[in-house]
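Notes follow the structure.
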Amino acid sequence: MPRRSPVRDPEVAPLEHLRGELQAGALVAARALLGCILERRIGRAVLRARIVETEAYSQDDPASHCYGGQTPRNAPMFGRAGLTYVYVSYGMHRCMNVVAGVEGTGEAALLRAVEPLQGIDRMIAARGWQGKPVRQLANGPGKLCAALSIGLEHNWVDLLADGELRLIPGRLDPQETIIVTPRIGISKAVDWPRRFAISGNLYLSRRG
DNA sequence: TATTAGATTGTCT
DNA sequence: GACAATCTAATAT
């Protein structure tokens, strides 16, 4: 058996590269996550979706949950890069972040929209509706968690390890570019350009 | 197409 | 007690 080299192994190398980008902080992570695949396994079903929109949050940011320090809720944001931080939004929705930065700093990238690739029927069932365009299946942070059946039990999950919820490294296509805009749905730091999206992608939560 | 209201509960002050 | 990193349906234009 040939030795598995972290550098040469086509599976391992991109994963370690992604880990490094996540460790570099929320701003780098939010960009690096675009084009990556989020995989969710439910029993034998495999759901896959491509990340097309993210937002960066960090400790020095008045709009961030960890502005002002660590609390029980935001604790995962201070963990190591690649963990999940899932929270309840408006009492009824779940939203998922990918933790970034080095351990001890409060940083994360919110996943705002994904493009469904595989297991779409399952996602439709999880959302509880049919007959609407697939573009609206996961084009929002609450919607994508519903479509992929992601709940609070998926808090603290290591997305860079093999499990029922994981990240598969991916890149943008050559013709794709990243647009940067203010974030959506916040009331502080409303002008900060910290939303990242694949320009022109059909599955964004909004245009522009 | 744009704007608005209502649902609903964990979290922190 | 106030507010929230949202979503949907309904109403107005």
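Excluded from the calculations below are hydrogen atoms, water molecules and symmetry mates; all remaining heavy atoms, backbone and side chain alike, are included. By convention in this document, chain letters (A, B, ...) are assigned in the order of the sequence lines, proteins followed by strands, and residues within each chain are numbered from 1.
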Gap between atoms [atom1] and [atom2], on [X] and [N] respectively (whole Å):
{"X": "A/I184", "N": "C/dC7", "atom1": "CD1", "atom2": "C1'", "value": "13 Å"}
{"X": "A/Y87", "N": "C/dC3", "atom1": "OH", "atom2": "C1'", "value": "13 Å"}
{"X": "A/Y57", "N": "C/dA5", "atom1": "OH", "atom2": "P", "value": "7 Å"}
{"X": "A/E53", "N": "C/dA5", "atom1": "CD", "atom2": "C1'", "value": "12 Å"}
{"X": "A/R206", "N": "C/dC7", "atom1": "CZ", "atom2": "C1'", "value": "12 Å"}
{"X": "A/N97", "N": "C/dT6", "atom1": "CG", "atom2": "P", "value": "11 Å"}
{"X": "A/D61", "N": "C/dA5", "atom1": "CG", "atom2": "C1'", "value": "10 Å"}

- So what does A/I186 hit on the nucleic acid, given a heavy-atom distance under 4.0 Å: a base, only sugar-phosphate, or nothing?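 Counting heavy atoms under 4.0 Å across all strands, the contact made by A/I186 is with sugar-phosphate only.
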- Remember a base hit wins even if backbone is also touched, and classify A/M77 as base, sugar-phosphate or nothing at under 4.0 Å, heavy atoms.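 Base: the residue A/M77, judged by heavy atoms under 4.0 Å, touches a nucleobase.
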Should the pair [X]-[Y] be classified as a salt bridge under the 4.0 Å nitrogen-to-oxygen rule?
{"X": "A/E39", "Y": "A/R166", "answer": "yes"}
{"X": "A/R50", "Y": "A/E176", "answer": "yes"}
{"X": "A/R41", "Y": "A/E164", "answer": "no"}

- Message: Does the protein touch nucleotides 7-13 of chain B at the base, only the backbone, or not at all? Give it as B, S and - per nucleotide, heavy atoms under 4.0 Å.
- Response: BBB-SS-
- Contact state string [nucleotides 8-13 of chain C, B base, S sugar-phosphate only, - no protein heavy atom under 4.0 Å]: SS----
- Message: Looking at A/E107 and A/Y57, would you say the former's side chain and the latter's main chain have a donor-acceptor pair under 3.5 Å?
- Response: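 No, because the side chain of A/E107 does not come within donor-acceptor range (under 3.5 Å) of the backbone of A/Y57.
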- Message: Would you say A/L111 ends up clustered with A/L34 if hydrophobic residues are merged whenever their side chains have heavy atoms under 4.5 Å apart, either directly or through other cluster members?
- Response: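 Result: yes, single cluster for both.
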- Item | Heavy-atom check, side chain of A/Y203 versus side chain of A/P116, under 4.5 Å |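 The answer is yes, as the side chains (C-beta and beyond) meet within the 4.5 Å cut-off.
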- Find out whether the Lys NZ or Arg CZ of A/R183 is both under 6.0 angstrom from the six-membered ring centre of A/F196 and within 45° of the ring's axis.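 Judged by the rule (NZ or CZ under 6.0 Å from the ring centre, within 45° of its axis), A/R183 is not positioned above A/F196.
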- Criterion side chain to side chain contact (heavy atoms under 4.5 Å, CB included) against A/L33, the qualifying member of A/L159, A/V98, A/L110: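 So, applying the side chain to side chain contact (heavy atoms under 4.5 Å, CB included) to A/L33 and each of A/L159, A/V98, A/L110, only A/V98 qualifies.
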- Item | From CA spacing to verdict: salt bridge (charged side-chain N to carboxylate O under 4.0 Å, His left out), A/D61, A/K188 | CA-CA 9 Å; A/D61 172 2; A/K188 295 162 195 160; over 6 Å; no
- Query: Paired with C/dC7: which nucleotide, if any, by Watson-Crick or G-U wobble criteria at under 3.5 Å for both distances?
  - Reply: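 When the pairing criteria are applied, B/dG6 turns out to be the nucleotide that pairs with C/dC7.
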